[in-house]
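Residue numbers begin at 1 in each chain, while the letters A, B, ... track the order of the sequences.
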Amino acid sequence: MRLSKLPLATLRETPAEAEIASHRLMLRSGMVRRLASGLFTWMPLGWRVARIVERVTRQEMERIGAHEILMPAVHPAELWRESGRWEDYGDLLLKMRDRGEREYCFGPTHEEVITDIARRELRSYRQLPVSFFQIQTKFRDEIRPRFGVMRAREFIMKDSYSFHLGEESLSDIYGDYRQAYSRVFERLGLNYRVVQADSGEIGGSRSQEFHVLADSGEDLIVWCEGDDFAANLELAPALPPEGDREAPGDAMTEAHTPGMRTIRQVAEHLDQPLENCLKTLLVKAEGGGVVALVLRGDHEVNELKATGLPEVAKPLALANAQEVAQAASCPPGFVGPVNLSVTTYVDHAAGHRANFACGANRRDKHFVNVNWGRDLPEPECVDLRNAVEGDRSPGGGGSLQIARGIEVGHIFQLGDKYSRSMNAVVLDENGAEQHMQMGCYGLGVTRTVAAAIEQNHDERGIIWPEAMAPFSLVIVALNIARDEEVRATAEQLYAELQSQGVEVLFDDRDASPGVKLADADLIGLPHRVVVSARGLKQGTLEYKHRRADDAERLSAAEAADLLADRARR
RNA sequence: CGGGGUAUGGCGCAGUCUGGUAGCGCGUCUGCUUUGGGAGCAGAAGGUCAACGGUUCAAAUCCGUUUACCCCGACCA
């Protein structure tokens, strides 16, 4: 591709709307343009990358025997009413009417449509297992689209659905998908992790997420190098501390802590380490009242774990000031487990503390030197907190690491949730009707493009992994308009590399060297070769990998073959 | 949906408080010069100042209404 023929507008300045690196760089390098909130046009350069992700994904789907189909983007309301999700899916579902006032939605996902296909087409267990996939535009009316294409309302997703007689078959195919997804991200050259995940609203028994590691990721993921444990933070168990609790020391006394409402203020004021100050959160209970959750001051409550406890209301909500006053007869900030007459759950780590500080259930007062079993009853300990870096791994292989990740794939064992609500059955070998087991598997194509940039960039621009780059090599011809030798050499190199199967971007624009070099860094192709009068005098071209600090000189005569070897993919 | 902010040429911004001929940088076009890290000079095109309504001799500027977009939060296969 000749850059002079590509209507590419790179921006020197970043549009004001862009916050994170991938969004900024995608706008600056001309990969995408925004149409409206959460809606983007994919320009030639960006679309080439999206197509690469599609291609790799399609190949891996075909390798595990999934069949590609294309379902409608617009779905009739009846189907969604049948599954119950016309209401349950909420405002994320974009609803519309046609001229006949019939109701439709723009598909945010396709369980309903595929289950309808399956119940019509599949009659016998002999046709199972079978799996279908499509690569298609989805629309979810997100409350707050952000981060460019990372959380757009309209986006491209590869979604797959599998159908089975029996859970064993589902489990087998689920394993195939897990491998196929791993291969996709492996081939794309991304640093990723597969983690246990919450199956959430969609239901089902088992699910895993694929995360591309990046500091800007919205999710926290936890894993251990020494074993195969890996999970989304919301699911990661926090094990009880090892060893015996310290022995009680001095008697419990009351301390004056005027106006200290945060645990940090209290710890500082009492000159205690944060982990020795226990915080007591009062949260709303199912059907009124409150429940107390006690954690170490340096630990965070885990919503999924907390709402899993009996009595605790879902979603997790802190009690208001009035409810706090009623339960503990003090303002928020001074609540403690001593003589507290509501149901109290204590996190394992908090239950392991001795001689700790906590709220005294009186305004401006905290207790110090408090001990379980002495000043208050032995606690009922449960796992309540988010795991933290360095915790023991549940897999037993060492300590946990934590990193931020961007969710680019999610695979589920759905079971019979949809086949039951929509009555999708086949006849088994005894001629009896059975609800099919289902799996569903999503991979965010456009989000993967953004995640790749998020993981691979520097202050100058994008650094594409070899496999994802829109072109693998750029020829930067300096002063091409004035120097015949440069033009001839560059043209010849361009032709040779193309004939050797390299995807080449040829910067043949009549622009200044600074502009061309800056654009090359911004666009971020892995291989760059500079053709200049200066080099040609010595019979050399200059080669540089986007990740390398320094350039190397290649003999002009041998350059084409050498570069073709490096850049062919 | 709650809170905060913004809207002026393709992009980034000033001008608004204190009403009086709409400006700067980048980009674009033409010409000449220049050419290894976003060149120089000369010239040019391009804006109903988000929309609607009001006040005024006069509104980008003051008042009102609306819309769009962004940020934080809640939300989120």
Partners passing salt bridge (Lys or Arg N to Asp or Glu O under 4.0 Å) against A:Glu54 (at least two apart in sequence or in another chain): none

Atom C1', compared across B:G46 and B:G23: separation rounded to whole Å: 14 Å

RNA chain B contacts among residues 471-480 of chain A, heavy-atom distance under 4.0 Å: A:Leu478, A:Asn479

Opposite nucleotide pairing with B:G25, Watson-Crick or G-U, both atom distances under 3.5 Å: B:C11

All pairs passing salt bridge (Lys or Arg N to Asp or Glu O under 4.0 Å) where residues 4-27 of chain A contributes a residue, at least two apart: A:Glu17-A:Arg34

Residue list, salt bridge (Lys or Arg N to Asp or Glu O under 4.0 Å) with A:Asp298, at least two apart or on another chain: A:Arg296

Separation between the C1' atoms of B:A68 and B:C52, rounded to whole Å: 14 Å

Inter-nucleotide C1' distance (B:A39, B:G20), Å rounded: 40 Å

Provide a list of protein-nucleic acid N or O atom pairs under 3.5 angstrom, restricted to nucleotides 39-44 of chain B.
residue : atom : partner  : partner atom : Å
B:A39   : OP2  : A:Ser512 : OG           : 3.4

Counterpart residues, salt bridge (Lys or Arg N to Asp or Glu O under 4.0 Å), relative to A:Arg144 (two or more places apart): none

Test of ring centre spacing under 6.0 Å for A:Tyr181 and A:Phe210: yes

Watson-Crick/G-U partner (both atom distances under 3.5 Å) of B:G19: none

Expected rows: protein N/O vs nucleotides 11-14 of chain B N/O, under 3.5 Å:
residue : atom : partner : partner atom : Å
B:G12   : OP1  : A:Ala16 : N            : 2.8

Residues in salt bridge (Lys or Arg N to Asp or Glu O under 4.0 Å) contact with A:Arg487, at least two apart in sequence or another chain: A:Glu491

Pairwise C1' distance, B:U6 and B:A14 [rounded to whole Å]: 15 Å

Euclidean distance for P, B:A7 against B:U16 (whole angstrom): 13 Å

All pairs passing salt bridge (Lys or Arg N to Asp or Glu O under 4.0 Å) where residues 437-462 of chain A contributes a residue, at least two apart: A:Asp458-A:Arg546, A:Arg460-A:Asp521

Heavy atoms from other residues, nucleotides or ligands near CD of A:Glu552 exceed 12 (cutoff 6.0 Å): yes

For A:Ala424, side chain to side chain contact (heavy atoms under 4.5 Å, CB included) partners two or more places apart: A:Thr115, A:Arg119, A:Ser419, A:Met436

Those residues that, when tested against A:His545, pass ring pair (Phe, Tyr, Trp, His ring centres under 6.0 Å) (two or more places apart): A:His527

Integer angstrom distance from the C1' of B:G12 to that of B:G38: 15 Å

Protein-nucleotide distance (A:Leu27, atom CG; B:G27, atom P), rounded to Å: 19 Å

Any strand: nucleotide that pairs with B:C49 via Watson-Crick or wobble, under 3.5 Å: none

Residues that A:Asn232 engages under side chain to side chain contact (heavy atoms under 4.5 Å, CB included), provided they are two or more places apart: A:Val195, A:Glu209, A:His211, A:Asp219, A:Glu234

A:Tyr174 and A:Gln208: side chain donor to acceptor below 3.5 Å: yes

B:C71 phosphate, OP1 or OP2, under 4.0 Å from A:Arg144 side-chain N/O: yes

Gap in Å between the two C1' atoms, one belonging to B:U48 and one to B:G9, rounded: 13 Å

Who pairs with B:C41 - Watson-Crick or G-U, where each distance is under 3.5 Å: B:G31

Euclidean distance, atom CD of residue A:Glu142 to atom P of B:G73 [Å, nearest integer]: 15 Å

Nucleotide forming a Watson-Crick or wobble pair with B:C62, both distances under 3.5 Å: B:G54

